Amino acid sequence: MTFVRRSHFARRFARRLASIAHAVPRLAALLSGAVLTLALAGCGSTPTPTYNLSAPSGFTAGGSGNGQMVVVAPTALAVLNTDKVMVEPGPGQVAYLSDAQWSDTLPALLQARTIQAFENASKLRRVARPGDGVNADYQLVIDIRTFALRITDQGPVAVVELSAKLIGTQSGRILAAQVFKAAVPAASTAGPVATAALDSAQEQVLVQMVRWASAKF
């Protein structure tokens with residue numbers, strides 16, 4: 001009697017194993033199909049519109065010195081060290097536009113436009129970036145304090161605020177420092193409108209900063 005019961009259990013166990021073995025290929029196929037579906041859905045999603053910053057032109061900057069300067073990549077907090085377009089819905093609040101992004105991280109983009117602004121102001125032979133092989137007399141160090149669309153009671157405003165320091169390469173001393181700020185009203189928070197207002201504000205700031213620094217070196 002014991003032998004019969006064990007044989008019966010053995011047959012049931014064998015059938016269960018066979019059922020599992022048969023189901024495994026079907027499960028693998030289903031999982032593979034699900035992964036493929038998700039991948040195709042990701043490929044078909046609408047990309048986020050990308051916007052650029054422009055370098056100001058059509059202005060001049062004085063200065064009669066013969067020094068050379070490098071523009072160091074700007075520093076920024078993590079919320080600004082990104083390609084996302086930042087929004088300040090209220091004091092101490094941070095969000096990002098869902099329908100817009102920058103063409104590069106903000107510090108990298110701003111460094112490129114700052115150098116171009118100096119070049120456009122007839123400082124072509126005297127300004128470069130670190131690593132260009134220039135024996136620089138000065139460094140321009142920039143900190144991005146604000147670069148965001150600020151929501152106010154009067155409506156959205158593009159606010160750009162940069163802190164700049166001119167440092168002597170040999171002495172390592174800060175020779176001059178100043179904060180530059182501009183605010184440009186935006187008609188709405190839509191991506192094209194918001195980024196255009198921010199671009200306009202940063203152009204104003206760069207013109208101020210280029211003229212200020214050019215008089216120092």
Side-chain angles (χ1 to χ4, degrees), residues 51-86 88 94 102-150 157-185 194-217:
Y51 298 90
N52 212 339
L53 291 175
S54 54
S57 59
F59 73 103
T60 57
S64 57
N66 297 317
Q68 296 189 115
M69 185 183 75
V70 293
V71 178
V72 180
T75 57
L77 294 175
V79 293
L80 287 169
N81 193 10
T82 176
D83 62 353
K84 298 178 180 179
V85 182
M86 187 172 136
E88 296 178 354
V94 174
W102 298 120
S103 60
D104 203 338
T105 60
L106 183 59
L109 196 55
L110 190 59
Q111 181 190 28
R113 298 300 173 260
T114 300
I115 293 173
Q116 290 173 3
F118 276 101
E119 294 172 349
N120 293 343
S122 302
K123 297 292 182 179
L124 181 61
R125 296 182 178 86
R126 296 170 55 194
V127 180
R129 69 180 69 217
D132 283 348
V134 174
N135 185 18
D137 303 292
Y138 307 97
Q139 288 186 343
L140 181 63
V141 179
I142 302 170
D143 180 62
I144 307 174
R145 290 189 171 187
T146 303
F147 205 107
L149 189 69
R150 184 171 295 169
V157 179
V159 180
V160 174
E161 184 175 347
L162 305 179
S163 171
K165 296 181 179 67
L166 194 63
I167 300 176
T169 303
Q170 297 298 323
S171 66
R173 300 186 59 172
I174 298 175
L175 306 178
Q178 190 161 323
V179 176
F180 304 91
K181 182 178 180 179
V184 174
T195 53
L198 285 166
D199 186 40
S200 178
Q202 70 92 28
E203 280 197 347
Q204 293 181 28
V205 167
L206 289 187
V207 169
Q208 298 171 29
M209 187 167 60
V210 168
R211 286 176 170 165
W212 166 80
S214 296
K216 310 293 183 183
F217 76 101

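All residue numbers in this chain count up from 1 along the given sequence. All figures in this text were calculated on a predicted structure; none of them were measured in a lab.
Summarising the geometry, atom CG belonging to Leu110 is positioned 7.0 Å from atom CG belonging to Leu53; distances are rounded to the nearest 0.5 Å. Once rounded to the nearest 0.5 Å, the distance linking OG1 of Thr105 with NZ of Lys84 reads 13.0 Å. Annotation: the span from Gln204 atom CD to Lys181 atom NZ amounts to 12.5 Å, rounded to 0.5 Å. Taken from OG1 in Thr146 to CG in Leu162, the straight-line distance is 9.0 Å, to the nearest 0.5 Å. Atom-to-atom distance recorded for Asp104:CG and Arg113:CZ is 9.0 Å, nearest 0.5 angstrom.
Remark: the Thr169 side chain and the Asp137 side chain contain no N/O donor-acceptor pair separated by less than 3.5 Å. In this structure, a donor-acceptor pair under 3.5 Å is present between the side chains of Ser103 and Asn52.
In this structure, Glu203 and Ser57 have side chains that are not in contact, with every pair of non-hydrogen atoms separated by 4.5 Å or more. Side-chain contact between Ile144 and Pro107 is present, with heavy atoms from C-beta onward closer than 4.5 Å. Residues Met69 and Arg126 are not in side-chain contact: their nearest non-hydrogen atoms beyond the backbone lie 4.5 Å or more apart. For the pair Leu149 and Glu88, the minimum side-chain heavy-atom distance is 4.5 Å or more. A heavy-atom distance below 4.5 Å is not found between the side chains of Gln202 and Leu198. The side-chain heavy atoms of Val127 and Val71, taken from C-beta on, include a pair separated by under 4.5 Å.
Between the side chain of Ser200 and the backbone N or O of Ala196, no donor-acceptor pair lies under 3.5 Å.
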Check the pair Leu166 / Gln139 against side-chain contact (heavy atoms from CB on, under 4.5 Å), numbers first and verdict last. CA-CA 6 Å; Leu166 194 63; Gln139 288 186 343; over 6 Å; no
Quick one, Phe59 with Val210, criterion side-chain contact (heavy atoms from CB on, under 4.5 Å). Give me CA distance, side-chain angles, the key distance, then yes/no. CA-CA 10 Å; Phe59 73 103; Val210 168; 3.9 Å; yes
From CA spacing to verdict: side-chain contact (heavy atoms from CB on, under 4.5 Å), Thr195, Trp102: CA-CA 9 Å; Thr195 53; Trp102 298 120; 4.0 Å; yes
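Closest approach of Trp212 and Ala176 over heavy atoms only: CZ2-CB, 3.6 Å. Summarising the geometry of Ala182 relative to Ala201, their closest heavy-atom pair is CB-O, 3.5 Å, with the distance given to 0.1 Å. For Ala73 against Gln111, the heavy-atom pair with the smallest separation is N-NE2, 3.3 Å. The two residues Leu80 and Leu106 come nearest to each other via the heavy atoms O-CB, 3.5 Å.
Asn135 CG: 12 or fewer foreign heavy atoms inside a 6.0 Å radius.
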